[in-house]
Asks: 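Dropping the structure in here first, questions after.
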Protein chains: 2
Amino acid sequence: MSGFNVGARLKQLRLRATLSQRELAKRAGVTNSTISLIEQNSVSPSVSSLKKILDAMPVSISEFFAGEQTSQERVFYRASELTEIGDGQLSWRLVGARRPNRSMSIIHERYPPGADTGADMLEHEGEEGGVVVAGTIELTVDGEARLLTAGDAYYFDSRLPHRFRNVSDSECVIVSANNPPSFSDGSGERHHH
Amino acid sequence: MSGFNVGARLKQLRLRATLSQRELAKRAGVTNSTISLIEQNSVSPSVSSLKKILDAMPVSISEFFAGEQTSQERVFYRASELTEIGDGQLSWRLVGARRPNRSMSIIHERYPPGADTGADMLEHEGEEGGVVVAGTIELTVDGEARLLTAGDAYYFDSRLPHRFRNVSDSECVIVSANNPPSFSDGSGERHHH
DNA sequence: TGTCCTTGTTGAAGATCCTTGACGGCATGA
DNA sequence: TCATGCCGTCAAGGATCTTCAACAAGGACA
């Protein structure tokens, strides 16, 4: 039912990196036994352990499970099916998140009043652009700020430092695209007890 | 280090599905306490538990971690400055038309009632996707038709024959993107969306 | 042969996850 | 006001994951 063989997948990646169980364990900060048991599917590792192990290869967790996606190339997405990649404050809903080798990221973005991508400017490879669908947004690119309202648009080289901020008192909605596909994610830390 | 907030992500998905901790737990075959502890990052769930929970939404494990990937001229356009490339019946307004070596075409599209890209299906290189902002559109891709309404989205390989048609009695608005850009600047040749 | 290194496996002990069964808070409604 | 129901949280203990430490098998070298 699981449909995904964690042990086999780990072994495959480990061998691809030409690492022994012990060597991988050492880099990952776990014991060789852990690797052994996981590879035999004798246990189902915790996400935290799995992540430690993958980080040592390195392979992202998302990549680890990449084979799990049914490789289906979907065309239609209901609004509720878009993949939320926002941080709780602002909402970014990605179209076709699971699509393999997507050439663009198309995102339905909602910025409540006060929402802000942060004073430390974003910078990454590629190009991005979008259209403001509703509300007002303050967009700063390379030091130049502008207020955009419904119907206005933007397009810039993503290497230029940029920032989105809703300085109005109503929600702002944007549909954006960027190429090559990239998106960041809020971060957090797990704690022990 | 973790860089990925499992608890917040689970909560986000659960709320999107409008499920309580108890209801999700019931469907997943775990207890509500498990959900609670995971959402608080008090524990790092085992992969098997996480999978049971996600299966109940349903969300693939790959999708769960989709946001985990690390991220890595003229900028502003007033609505009136977008370049109209429609045919008089429907309106397509291109963002950054004159930008050299643009990697995408982002288009603000308006389809009045009855508007139609034509019975002879469009086919061209690249990929395209978009979000329906208002109204309803009938999108046919590779023989399969679907009605999309505000908030819905699509993404497909542009080589598949496709057609957009507004079969409702109100205007439909879409923001779309395609890559590589199918439209060069304002001059002459238009090839199709 | 013998030693030394590496490999992956495994039982028992320890650490963590998960469930049981409670609790208080906040609604709805008798 | 009290009952009912659903919400999310939490302590304790059982279930599972992870480590520790030992083991056997194989290769390299003398």
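Being a predicted model, the structure only gives us computed values, none of them experimental.
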Asks: To the nearest 0.5 Å, what is the distance between CZ on A:Phe65 and OG on A:Ser60?
Replies: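 So the gap between those two atoms works out to 10.5 Å.
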Asks: Can you check whether B:Phe64 reaches B:Arg9 side chain to side chain, under 4.5 Å on heavy atoms?
Replies: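 Contact flag for B:Phe64/B:Arg9 side chains = yes.
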Asks: For B:Ser33, what residues pass the side chain to side chain contact (heavy atoms under 4.5 Å, CB included) criterion, not counting sequence neighbours?
Replies: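 B:Ser33 satisfies side chain to side chain contact (heavy atoms under 4.5 Å, CB included) with B:Thr31 once adjacent residues are dropped.
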Asks: Counting primed atoms plus P, OP1 and OP2 as sugar-phosphate and everything else as base, spell out the protein contacts along nucleotides 4-9 of chain D at 4.0 Å heavy-atom distance: B, S or - for each nucleotide, 5' to 3'.
Replies: ---BBB
Asks: Expressed in angstrom and rounded to an integer, what is the separation of B:Lys26 atom NZ from C:dC18 atom P?
Replies: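 Distance check: B:Lys26 NZ to C:dC18 P gives 21 Å.
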Asks: Distance alone, cut at 3.5 Å: any donor-acceptor contact between the side chains of B:Ser36 and B:Gln40?
Replies: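 Result is yes, a qualifying pair exists.
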Asks: Measure from the side chain of B:Thr34, starting at C-beta and using heavy atoms only, and say which of C:dT19, D:dT18, C:dC17 lies closest.
Replies: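 Of the options given, the side chain of B:Thr34 lies nearest C:dT19.
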Asks: Is the shortest side-chain N to carboxylate O distance from B:Arg146 to B:Glu138 below 4.0 Å?
Replies: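 Result for this pair is no, no salt bridge flagged.
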Asks: Take the protein atom CG of A:Asn41 and the nucleotide atom P of D:dT18, then report the distance between them rounded to whole Å.
Replies: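 Computing the A:Asn41:CG to D:dT18:P distance gives 13 Å.
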Asks: If you round to the nearest 0.5 Å, how far is CG of B:Asp142 from CZ of B:Phe156?
Replies: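 B:Phe156 CZ to B:Asp142 CG: 10.5 Å, rounded to 0.5 Å.
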Asks: Between B:Ser46 and D:dT16, is there a contact of a side-chain N or O with OP1 or OP2 at under 4.0 Å?
Replies: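 For D:dT16, OP1/OP2 do not have a side-chain N/O of B:Ser46 under 4.0 Å.
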Asks: Whole-Å distance between D:dC17 P and A:Lys52 NZ?
Replies: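 Interatomic distance, NZ of A:Lys52 to P of D:dC17: 16 Å.
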